[in-house]
**Student:** 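Here it is, the structure in full.
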Amino acid sequence: MTFSTTFKSNKKLVFWSLIFAVTIFYLTSTKLFGWQILCPGYTNEVETFTATDFKYYEKYIKYKGLDFGKSLAYLPKSTVEIINNKSATFTTGDIITLRIILHNKNGDVVTESGDFLKVWMSEKGKGAGSAGYIVDHGNGTYIGVIKALWRGSPHIKISLSFSKESIGLYVNYIHRNGMLRAVKGIFKNARGEIGKGSCGIHTLTNITNSICDFTSLNYGMRWFCLLPNATGFDCSDWYSVTGDMTVPTFTNAQQQFLSTARYKIIKEIKVDVLGDKTIGHPKHSCSLINPSLTWNISSPVGYFYNKTWHNLLCQKKVEPSFNRYLACLRNREIYMVGDSTSRDWLISLADILDVKRTSADLRGHHEPIKVFSKNKRDNITIIWVAHEFPFFTYTPNGTIHHFKPASYHLNVIRSKNPIVILHWFIHIGYAPLSVYEEHVMNAKDAIVKFMDRVPGAKVFIKGPHYFEQYAEGVPYDFVRYFHDKMIFKIFDNIKHKVVYLNEWDITVSSENKELHPSTELRKPMLHELLSYIC
């Protein structure tokens, strides 16, 4: 071989070696900068469901279609009876126990468990209401437990919130598709061209265009988007998201079933309660109790009487007045990380405190919001920010940098005595339980570091709330139940540092129907929050 031939051969080798090296550097460096291209046919598939999901969803995943056979409960033939006092007469403080037996259309007892029932008590004339709880015996029989908390003639109501079959349709949909709602990533390249690609918590299968792995941009929590189905886009062009309401979830027949198999009254029973006007209240101030106590009680955690919410765990010694709230929050910063229901808290708290807003219209947007006290000497700041993906937004004005997790915000807080309120529910409810698990784990680790750094901080977890507004088939009673099981387990070793705000009982007791609780209902919610601070 001559020198000339060897040189030409080496030039080819060097050229292709450089191409290979540049390609490897490009792919690895893109991952370092927060995104990574996964080529079509990428085999390292991220599963939609994890072992956590299968553990909790196993009994529901078999309900795939609408041919339910004898498993479907037929409420007109189902029965409810009080089993600990046939006369239906009780004394304040008594426990009332009910047996609920679900039957099918043939009149046979439904032997499969998994339906989600709800029990509560109300008396409109007294502005009173309270929540109970349900025990599933696993054989079509359920026990409802509720406490007599005031003297009067209240009605106990038992309803089927979600049938196991409707839960099964939800579980199977997210098993196949990752999320119940469609989210689109919006990309804009250097030429100003705009394109969209589907996003979700799995890598998506049977695709023709490339996938971007944005997990690192989502602070370690899985998030992927397809590149637009057009040339000239890469992963670095992603800048926003928007919800896609045109993507159907269930068939017409499934939607019809889902609309008829939810929030149906099984029976209403009037009882008489004698004795004291109301049950005795605790003496300890909410601001002084160990936060762990807020995690360790079951329904009822409180009740309405004369349209006033009474906490059964502790005494709310702060007065619900402008001057008292102002004095309590003076020289403090309040950070809220969550969705539009916690954004509503900012709006209500801003109205209560009569503070300035940075925007005349706070609704319909997901950019961070900051409000200040009108009097600079009061030095009160309230901040709301949207939590990380998945987050369904109707408008494309929220850029990807507006959706950040608690771990990010806790790291940038520099106040010495901040108040932090964290919330995940509605948007995470569209995804499998394991998504909620990884988001809460991410936040929990950040909270531990944050409270070591800022011991004067007060941290709150805003729990799920009850509502009946239709939400594309998400069985939120079911979702709430497993969210609570998960977060109670994850926070077990730091419950003494974090207050859990039980919003379920307060919204069940008030018979709330709306996705966004009313202004009037938010007032007792916020008063309870401030009772743990002031």
**Student:** Would you say the SG of Cys235 sits less than 2.5 Å from the SG of Cys225?
**Tutor:** no
**Student:** Using a distance-only test with no angle check, is there a side-chain donor-acceptor pair under 3.5 angstrom linking Lys184 and Ser198?
**Tutor:**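 Indeed, the side chains of Lys184 and Ser198 share at least one donor-acceptor pair under 3.5 Å.
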**Student:** Under the rule for salt bridge (Lys or Arg N to Asp or Glu O under 4.0 Å), what residues qualify as partners of Lys444, not counting sequence neighbours?
**Tutor:** none
**Student:** Look at Asp477 together with Lys118 and state whether they make a salt bridge at an N to O cut-off of under 4.0 Å.
**Tutor:** no
**Student:** Among residues at least two apart in sequence or on other chains, which ones pass salt bridge (Lys or Arg N to Asp or Glu O under 4.0 Å) with Lys188?
**Tutor:** none
**Student:** Sequence neighbours left out, what passes side chain to side chain contact (heavy atoms under 4.5 Å, CB included) with His409? Give chain and number order.
**Tutor:**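 Listed in chain order: Val337, Val385, Lys404.
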**Student:** Would you please name every residue forming a side chain to side chain contact (heavy atoms under 4.5 Å, CB included) with His483, sequence neighbours left out?
**Tutor:** Phe425, Ile428, Leu433, Tyr436, Val479
**Student:** Got a sec, which residues hit ring-ring contact (aromatic ring centres under 6.0 Å, His included) with Tyr263, two or more places apart in sequence or on another chain?
**Tutor:**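 Listed in chain order: Phe162, Tyr466.
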**Student:** Less than 6.0 angstrom separating the ring centers of Phe389 and Trp238, yes or no?
**Tutor:**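 Yes - the distance between ring centres of Phe389 and Trp238 falls below the 6.0 Å cut-off.
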**Student:** Which pairs with one or both residues in residues 157-178 pass salt bridge (Lys or Arg N to Asp or Glu O under 4.0 Å), sequence neighbours excluded?
**Tutor:** Asp115-Lys164, Lys157-Glu511
**Student:** Return yes if a side-chain donor-acceptor contact under 3.5 Å exists between Tyr335 and Glu333, otherwise no.
**Tutor:** yes
**Student:** List in chain and number order the residues that pass side chain to side chain donor-acceptor pair (under 3.5 Å) with Gln256, two or more places apart in sequence or in another chain; answer none if no residue qualifies.
**Tutor:** none
**Student:** Which residues satisfy the side chain to side chain contact (heavy atoms under 4.5 Å, CB included) test with Glu437, sequence neighbours excluded?
**Tutor:**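 Counting only residues at least two positions away or on another chain, Glu437 forms a side chain to side chain contact (heavy atoms under 4.5 Å, CB included) with Thr52, Ser434, Met441, Met486, Ile490.
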**Student:** Who are the side chain to side chain donor-acceptor pair (under 3.5 Å) partners of Ser509, not counting sequence neighbours?
**Tutor:** none
**Student:** Could you work out, with salt bridge (Lys or Arg N to Asp or Glu O under 4.0 Å) as the rule, every residue matching Arg480, not counting sequence neighbours?
**Tutor:** Asp484
**Student:** Take Phe214 and Trp223 through the ring pair (Phe, Tyr, Trp, His ring centres under 6.0 Å) test and state the conclusion after the steps.
**Tutor:** CA-CA 5 Å; Phe214 292 132; Trp223 190 248; 8.7 Å; no
**Student:** Regarding Ser348 and Arg522, is there a side-chain donor-to-acceptor distance under 3.5 Å anywhere?
**Tutor:** yes
**Student:** Could you check whether Thr341 and His465, counting side-chain N and O atoms only, form a donor-acceptor pair closer than 3.5 Å?
**Tutor:** no
**Student:** Kindly write out the residues that satisfy salt bridge (Lys or Arg N to Asp or Glu O under 4.0 Å) with Glu520, not counting sequence neighbours, or none if the list is empty.
**Tutor:**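 Glu520: salt bridge (Lys or Arg N to Asp or Glu O under 4.0 Å) contacts with Lys523.
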**Student:** Under 3.5 Å, is there a donor-acceptor pair between the Thr507 and Ser510 side chains?
**Tutor:** no
**Student:** So, using side chain to side chain contact (heavy atoms under 4.5 Å, CB included) as the criterion, who are the partners of Lys495 when residues are at least two apart?
**Tutor:** Ser292, Trp295, Asn296, Phe488, Phe491, Asp492
**Student:** Do Tyr239 and His401 have a side chain donor and acceptor closer than 3.5 Å?
**Tutor:**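 Looking only at side-chain atoms, His401 and Tyr239 do not form any donor-acceptor pair under 3.5 Å.
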